[in-house]
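Numbers here simply count residues along the sequence, with the first being 1.
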Amino acid sequence: MASSHIILPKEEGEEAGTGVAVEADHDSPAQRPYVQEQAPGKAALPFSATCVRISRDSYPNLRALRNASAAELHDDDAAFVKLEEGDYGYVLDDVPHLSDYLPDLPTFPNPLQDHPAYSTVKQYFVNADDTVPEKVVVQKNSPRGVHFRRAGPRQRVYFESEEVKACIVTCGGLCPGLNTVIRELVCGLSHMYNVNNVFGIQNGYKGFYSSNYLTMTPKSVNGIHKQGGTVLGTSRGGHDTKKIVDNIQDRGINQVYIIGGDGTQKGAYEIYKEIRRRGLQVAVAGIPKTIDNDIAVIDKSFGFDTAVEEAQRAINAAHVEASSAENGIGLVKLMGRYSGFIAMYATLASRDVDCCLIPESPFYLEGEGGLLEYIDRRLKENNHMVIVVAEGAGQDLIAQSIPAADQQDASGNKLLLDVGLWLTHKIKDYCKSKKMEMTIKYIDPTYMIRAIPSNASDNVYCTLLAHSAIHGAMAGYSFTVGMVNGRHAYIPFHRVTSTRNKVRITDRMWARLLSSTNQPSFLSQKDIDAAREADKAANSRKSGDDAKKQSASVLANGEK
């Protein structure tokens, strides 16, 4: 693949020499200097002529990457962004590597080449040029778009097995699969790379500087995947970058595996930046965890399938209760602070749900076409109904009737009011005003769902995530790992922390749900137009204008 160096233009007041450099081939035993091919009989161009200087405003892919979540990257983030541009609008959004700031590190043969379990594998190692596209549905003349570095073992590694000292930490709320990831990190390091020094950090980030490290071996973690929760303990907050990196440096840790949600990944990014400032040979691997499935870029987070499956039990119970009573209503509250994926998928899987409410889709109670009118009509038609509501739905409506000061937890998340309890009272008051006999059962399985062990599909997914993280760390990368369009990839920290994955109510999946439940959308035309405009803006930031992309590619190719 032909490629061009991209030098990002400096912002006002930015010092010279802070452009984003293109990475060398980290998978080769020795890094080769960039060589520009030249036509026979043609004079060689100076190096400056092989560089492409593209303004942020004229190159949409760069603008989109700089502009994640409609906000410019912070100045200190810009120094860590690595973009490589190739033919036909190809952009590699690459992850940082040890050689970016430690260029003379030795490399070693990957121990997997002598591993008996891999002797039958046709291709042990990932090709250095393998990447994973962020977008797979394209048109005939579309640019190739943004890609991420493919995950997997590399032929050369930057750590000798006996020199590795790895640590694992879990942060934030519980999620099915945490123990599986821990187990597979420990066992993968030991069985694949012969690493014997693996330590557990207890009780989240604060455990780096407030607790003794826990020695972990394959034997000590053998059966933990059958348990819910995390054997290391977890907590919110406690992130003190200087104290954490001081501890990593003092203990000689050189691989850090961090399991947690978007806030935890932001913390991992800060740890990496401090490690780089100090020039330490330490790889930081983030494994995204959120039961809500709201991590950006990746297809899904581990534990999500288990959560949807377990939510079925609560929905089934609600349906039994509702159908066994006259004018019975079963109300189930599921997790989903900002994103309603669990509620949506559980509703689609159940087929017993009559109404699903999520944070992304506004609703109203009173008046024509409102929720209460729909409940009235549904009870007259079916004599019972089941409502599923995500915990973050209707918070604006609750705030209007129950004044409360904005409060946050230790992770900075807004503390939510109980939408299930609020809806229960509103429905009771409405039915009382209509002199309608009604029985409502409110079921909140939130903490039951997140505390169970992961199911079979999540166990496999956790294993693949852990192994991909190990391969990347051994190869010297720092990243967040995740599945993108069915392929595991290494994703820059800033890409998964700059925005959230949310249900798109203008998408066909939400339309399928509305068709399944036969509920009204509860949206005004103004809401629909606003949602469409938001989608257009997101697509514009992500894809940019095709003509400008093509002109940028022509410019790059013309310099070759």
Ser211 vs Ile201, test: side chain to side chain contact (heavy atoms under 4.5 Å, CB included). Steps then yes/no.
CA-CA 8 Å; Ser211 303; Ile201 309 300; over 6 Å; no

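- Between Pro492 and Thr480 there is no side-chain heavy-atom pair separated by less than 4.5 Å.
- Between the side chain of Ser235 and the backbone N or O of Asn203 there is at least one donor-acceptor pair closer than 3.5 Å.
- Side-chain atoms of Ser468 never come within 3.5 Å of backbone atoms of Leu465 as a donor-acceptor pair (strictly under, hydrogens ignored).
- With sequence neighbours excluded, no residue satisfies side-chain hydrogen bond (donor to acceptor under 3.5 Å, both in side chains) with Asp299.
- Partners of Phe159 according to the ring-ring contact (aromatic ring centres under 6.0 Å, His included) rule, which considers only residues two or more places apart in sequence or in another chain, do not exist here.
- Using cut-offs of 30° and 60° on the angle between ring planes, the pair His494 and Tyr269 is tilted.
- Atoms CG and CZ, from Leu178 and Arg450 in turn, are 10.0 Å apart once rounded to the nearest 0.5 Å.
- Residue pairs meeting the salt bridge (charged side-chain N to carboxylate O under 4.0 Å, His left out) criterion with at least one member in residues 165-192, sequence neighbours excluded, do not occur.
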Decide side chain to side chain contact (heavy atoms under 4.5 Å, CB included) for Ser478 and Phe493; before the verdict, give the C-alpha distance in whole Å, the side-chain angles of both, and the deciding distance to 0.1 Å.
CA-CA 8 Å; Ser478 291; Phe493 288 115; 4.3 Å; yes

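- Of all the heavy atoms in Ala296 and Thr499, the pair that sits closest is CB-O, 3.5 Å.
- Contact check for Phe341 versus Lys300: no side-chain heavy atoms found under the 4.5 Å cut-off.
- With contacts defined as side-chain heavy-atom distances shorter than 4.5 Å, the pair Val481/Ile298 does not qualify.
- Relative to the six-membered ring of Phe125, Arg154 misses at least one condition, a distance below 6.0 Å or an angle of at most 45° to the axis.
- Evaluation of the side chain to side chain donor-acceptor pair (under 3.5 Å) test over residues 282-292, restricted to residues two or more places apart or in two chains, returns Thr290-Asp294.
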Pair Gln155, Asn110 - check side-chain hydrogen bond (donor to acceptor under 3.5 Å, both in side chains), show working.
CA-CA 5 Å; Gln155 191 166 7; Asn110 193 318; over 6 Å; no

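- Between His147 and Tyr90, the gap from one ring centroid to the other is short of 6.0 Å.
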After noting the C-alpha distance and the side-chain angles of Thr217 and Val198, does the key distance pass the side chain to side chain contact (heavy atoms under 4.5 Å, CB included) rule?
CA-CA 7 Å; Thr217 64; Val198 184; over 6 Å; no

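- Looking at Arg156, its side chain does come within 3.5 Å of a backbone N or O of Thr107 through a donor-acceptor pair.
- Between the side chain of Asp305 and the backbone N or O of Asp458 there is no donor-acceptor pair closer than 3.5 Å.
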May I have the step-by-step check of side-chain hydrogen bond (donor to acceptor under 3.5 Å, both in side chains) for Asp262 and Thr497, ending in yes or no?
CA-CA 5 Å; Asp262 58 345; Thr497 60; over 6 Å; no

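- Asn254 places a side-chain N or O within donor-acceptor distance of the main-chain N or O of Glu163, the cut-off being under 3.5 Å.
- Applying the side-chain hydrogen bond (donor to acceptor under 3.5 Å, both in side chains) test to Tyr257 and every residue at least two apart in sequence or in another chain returns Gln255.
- Cation-pi geometry between Lys242 and Tyr209 is not met at under 6.0 angstrom from the ring centre and within 45 degrees of the axis.
- The ring-ring contact (aromatic ring centres under 6.0 Å, His included) search around His115 returns Tyr118, not counting sequence neighbours.
- Contact record, Tyr338 with Lys502: O-CE, 3.9 Å, taken as the closest heavy-atom pair.
- With hydrogens and angles disregarded, no donor-acceptor distance shorter than 3.5 Å links the side chain of Tyr272 to the backbone of Pro96.
- Under a 3.5 Å cut-off, the side chain of Thr306 and the backbone N or O of Ser454 do not form any donor-acceptor pair.
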Side chains of residues 225-232: which donor-acceptor pairs under 3.5 Å do they make with residues two or more places apart or in other chains?
from   : atom 1 : to     : atom 2 : distance (Å)
His225 : ND1    : Asn222 : O      : 3.4
Thr230 : OG1    : Thr170 : OG1    : 3.1
Thr230 : OG1    : Leu232 : N      : 3.1

Would Phe302 and Ile291 count as a side chain to side chain contact (heavy atoms under 4.5 Å, CB included) if you check the C-alpha gap in whole Å, the side-chain angles of each, and the deciding distance to 0.1 Å?
CA-CA 7 Å; Phe302 73 83; Ile291 201 169; over 6 Å; no

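- Ile275 has its side chain within reach of Tyr101: a pair of non-hydrogen atoms, C-beta onward, lies under 4.5 Å apart.
- Nearest heavy-atom pair, Leu189 versus Ala166, reported as atom, atom and distance to 0.1 Å: CD1-CB, 3.9 Å.
- Within the 4.5 Å cutoff, no side-chain heavy atoms of Pro288 are placed close to those of Val496.
- In this structure a side-chain-to-backbone donor-acceptor pair under 3.5 Å is present from Ser210 to Lys206.
- Using a 4.5 Å heavy-atom threshold, the side chains of Pro218 and Val186 count as touching.
- Between Lys243 and Asp250 there is no salt bridge, since no side-chain N of the basic residue sits under 4.0 Å from a carboxylate O of the acidic one.
- His467 meets the ring-ring contact (aromatic ring centres under 6.0 Å, His included) test with no other residue; sequence neighbours excluded.
- Ion pairing between a basic and an acidic side chain is recognised when a charged N comes within 4.0 Å of a carboxylate O; Asp93 and Lys82 show no such pairing.
- Between Ile287 and Ala466 the shortest heavy-atom distance is CD1-CA, 4.4 Å.
- By the side-chain contact (heavy atoms from CB on, under 4.5 Å) test, Thr241 pairs with His239, Val245, Glu270, Glu274, sequence neighbours left out.
- Counting heavy atoms from C-beta on, the side chains of Phe148 and Arg487 never come closer than 4.5 Å.
- Counting all heavy atoms, side chain and backbone alike, Ala307 lies closest to Ile342 at CB-CD1, 3.9 Å.
- The closest donor-acceptor contact from the side chain of Gln281 to the backbone of Tyr158 lies under 3.5 Å.
- Remark: the backbone N or O of Gly172 is paired with a side-chain donor or acceptor of Thr234 at under 3.5 angstrom.
- Here Ser339 pairs with nothing under the side-chain hydrogen bond (donor to acceptor under 3.5 Å, both in side chains) rule; sequence neighbours left out.
- With a 4.5 Å cut-off on side-chain heavy atoms, Ile258 and Tyr205 count as touching.
- With sequence neighbours left out, Arg251 forms a side-chain hydrogen bond (donor to acceptor under 3.5 Å, both in side chains) with Asn247.
- The two residues Leu280 and Leu98 have their closest heavy-atom pair at O-CD2, 4.3 Å.
- By the ring-ring contact (aromatic ring centres under 6.0 Å, His included) test, Tyr193 is found to be paired with His471, residues two or more places apart in sequence or in another chain being considered.
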